[in-house]
Amino acid sequence: MIFRYLIATLIFSTPLIAGPAGYNYDESKVPEYTLPDPLVMENGKKVEIAAAWKVRRDEILGLFEEHVYGKAPIGRPEKLRFVEGEKFDDFLGGKATLQHVRILLFGDENGPHLDLLVIAPKNVPEGGVPAFVALNFSGNHSVHSDKRIPIPDSWMRSSSDDKKAGYVKDNRAQEAGRGFKKNRWAVEKIIDSGMALATFYYGDVDPDFDDNFENGIHAVTGKPAAGEWGSIGSWAWGCSRALDYLETNDSVDAKKAAVFGHSRLGKTSLWAGATDQRFALSISNNSGCGGAALSRRHFGETVERINTSFPHWFCDNFVKYNENEGELPVDQHQLISLIAPRPVYIASAEGDEWADPKGEFLSALHADPVYRLTGTEGLAGAKEHPAVNTPVGGVIRYHVRTGKHDVTDYDWEQYIKAMKDLVVNKKDEIRAPGEAPTILR
Ligand code: GTR
């Protein structure tokens, strides 16, 4: 009896932390740190007017390229070509269309390609509807069980559960995986809100394993130099190619496109929003270390751990900051600042300590001065990490929801609302402060 009591006490008194042991999950153990000021130039000069932000922005962008994500060695390939499949108009009981589009990255049918699944409302107004450009982890066919969605032929990573369930076999997606991630995709809510979803499998651009950059897009562009893109940089580049296509699609208003990703793909969506200013909104869901979370806080995942577990994600120079975050010339609040003054949404989950929810909020808070300087209301006065399920902010929005590392309907409801407020109705529209040019978007 006493023994049972002891066991129960042990189980229930040990905090349930979602993350590997041996890392810091204790707020009191966060080291003292000083963040680089996004509004102070490398030469020490303060950026005081919005017009000067562009110069500082270029500087910060260069630092992220050189030290964190790596510079993309190519932009839009000259021979980029789109092959549109049939557009079915009976999707979701006839209220939506479904179309498969192959983006031939270098125009060659046998060369690298990215398959985009475009789901749009059937009746679209002149000029098209706003769209979520979203990276997916497990293939377009995993997003919805419709049999017409092609199964990817690219290399696919798989968990032991995915293998057991037969979703992935020998690193190839299988028919059995049709729709197996649909709980993460609020397809019907998106359509009912008059918006489109354009999604692609990130592994089409670059396979997510340490292959010494021999496959995917790196096989074409060559082994990256120390300051050139890793996989995250290439996935973000893929988001831009998806947007290139959407600019040609009549159902979509490509000027109202949000880039969305979860976890490692949330790191990617922030980098995509930073590097491609055509994105009207950038959404990072539970992106954590190397995404929205401040590296210097040393809470949950660390730079050393991420570079060790995933050596292919960032550029080689990033390794210099393993256990050495204080020397980083930037921190992740400056990644958010690169998106200013365009809207950004950062979302955390309470049970996702590994991603450091508070550190994700603090990035938003420390990017706020840039959003204000560039004429927006930024976080709209929010100063403290908010209570769960209480979204805060203006053009910078943030929420921490209950639950674990995941994408839920609650998250999508907030993103759809942000899209309506910030992209469609421009409710939090940029005001014109004294000397600022009206719009820097
Ligand atoms: C984890 C990694 C995180 C996060 C996550 C994911 O293993 O440590 O940074 O990116 O994977 O992408 O699912």
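Ligands are counted one by one from 1 in listed order, and the atoms in each one are counted from 1 as well.
- Using cut-offs of 30° and 60° on the angle between ring planes, the pair Tyr398 and Phe361 is perpendicular.
- Applying the 6.0 Å contact sphere to CD of Glu27 captures more than 12 heavy atoms from other residues, nucleotides or ligands.
- In this model, no donor atom of one side chain and acceptor atom of the other lie less than 3.5 Å apart for His113 and Asp204.
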Please evaluate residues Glu66 and Lys71 with respect to the criterion salt bridge (Lys or Arg N to Asp or Glu O under 4.0 Å), reporting the C-alpha separation (whole Å), side-chain torsions for both, the decisive distance (0.1 Å), and the verdict.
CA-CA 7 Å; Glu66 181 63 23; Lys71 191 175 167 62; over 6 Å; no

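- Around ligand 1, the residues contributing at least one heavy atom under 4.0 Å from the ligand are Phe137, Ser263, Arg264, Lys267, Glu301, Ile306, Phe310, Trp313, Trp354, His405.
- Trp237 carries Arg241 over the face of its six-membered ring, with the cationic atom under 6.0 Å from the centre and within 45° of the normal.
- Annotation: cation-pi geometry satisfied between Arg148 and Phe88 (NZ/CZ under 6.0 angstrom from ring centroid, within 45° of ring axis).
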